[in-house]
Amino acid sequence: MKERIFELYRDYIRDHHPDLLATLLEEQRAITFFTEQVASAEDLIIVLTGQEQPRSVIEEECLRRLITSLGPSRYDYLHSILEEEFPKHFEKYYEQGILYTELINLVRCCQPVFEELQFSESTIEDRYTRYAIIGAVHEYLESSGGL
């Protein structure tokens, strides 16, 4: 069961937090990270197994716990901003096959802004957060010759 949770968590991170995955791979600590994270849900596996919950419920609950600890996806947030506010750049990056890479670069570029604004579930809908991130994206596109 832990192997399946490992796979589900890895796939979730690949799809929604590829910036984290890229960092883990660059630092050669992806396997360790995933193994430790899945191990942190072991107590939940034991409890739910003891309650005779179906395998799918156990996997879902463990994945939910692991995902919650990550917070909202900065990658998904920037994907949305780039698509909505800078559609020409979004389309250009998509057509060139570099959207994924550019979004990871944007996450890294916007990291200080995300941290300063304490980006979280409680700030994700805040309009000032959105404006600040749009400004940071604008600066990134301008500095990369995109504007």
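Positions are given from 1, in the same order as the sequence printed here.
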Is any side-chain heavy atom of [X] less than 4.5 Å from a side-chain heavy atom of [Y]?
X      : Y     : value
Leu24  : Ile31 : no
His79  : Phe90 : yes
Arg108 : Thr23 : yes
Cys62  : Val38 : no
Leu82  : Leu99 : yes
Leu70  : Tyr12 : yes
Arg10  : Glu7  : yes

_Any carboxylate oxygen within less than 4.0 angstrom of a Lys/Arg side-chain nitrogen, looking at Arg65 and Glu60?_
no
Count the heavy atoms of every other residue, nucleotide or ligand shown that sit under 6.0 Å from [atom1] of [X], and state whether that count exceeds 12.
X      : atom1 : value
Gln118 : CD    : no
Glu27  : CD    : yes
Gln28  : CD    : no

*asked:* I need the full list of ring pair (Phe, Tyr, Trp, His ring centres under 6.0 Å) pairs touching residues 52-74, with sequence neighbours left out, sorted by first then second residue.
replied: none
*If you look only at pairs with a residue in residues 33-71, which of them pass as a ring pair (Phe, Tyr, Trp, His ring centres under 6.0 Å), with sequence neighbours excluded?*
Phe6-Phe34, Tyr9-Phe34
_Using a 3.5 Å distance criterion without hydrogens, assess whether the side chain of Thr129 forms a donor-acceptor pair with backbone atoms of Glu125._
no
*asked:* Strictly distance-based, threshold 3.5 Å: is any side-chain N or O of Ser144 a donor or acceptor partner for the main-chain N or O of Tyr140?
replied: yes
*Using links of under 4.5 Å between side-chain heavy atoms of ILVMFWY residues, direct or through other members, which residues join Tyr128 in one cluster?*
Tyr131
*Enter the distance from Leu44:CG to Arg64:CZ here, rounded to the nearest 0.5 Å.*
10.0 Å
*Atom pair CG (Leu25) and CG (Leu20), whose distance is rounded to the nearest 0.5 Å*: 9.5 Å
*Let me see the working for Gln37 and Ser69 under side chain to side chain contact (heavy atoms under 4.5 Å, CB included), right down to the final yes or no.*
CA-CA 10 Å; Gln37 292 298 306; Ser69 70; 4.1 Å; yes
*asked:* Before we go on, tell me: are the rings of Tyr93 and Tyr100 under 6.0 Å apart, centre to centre?
replied: no
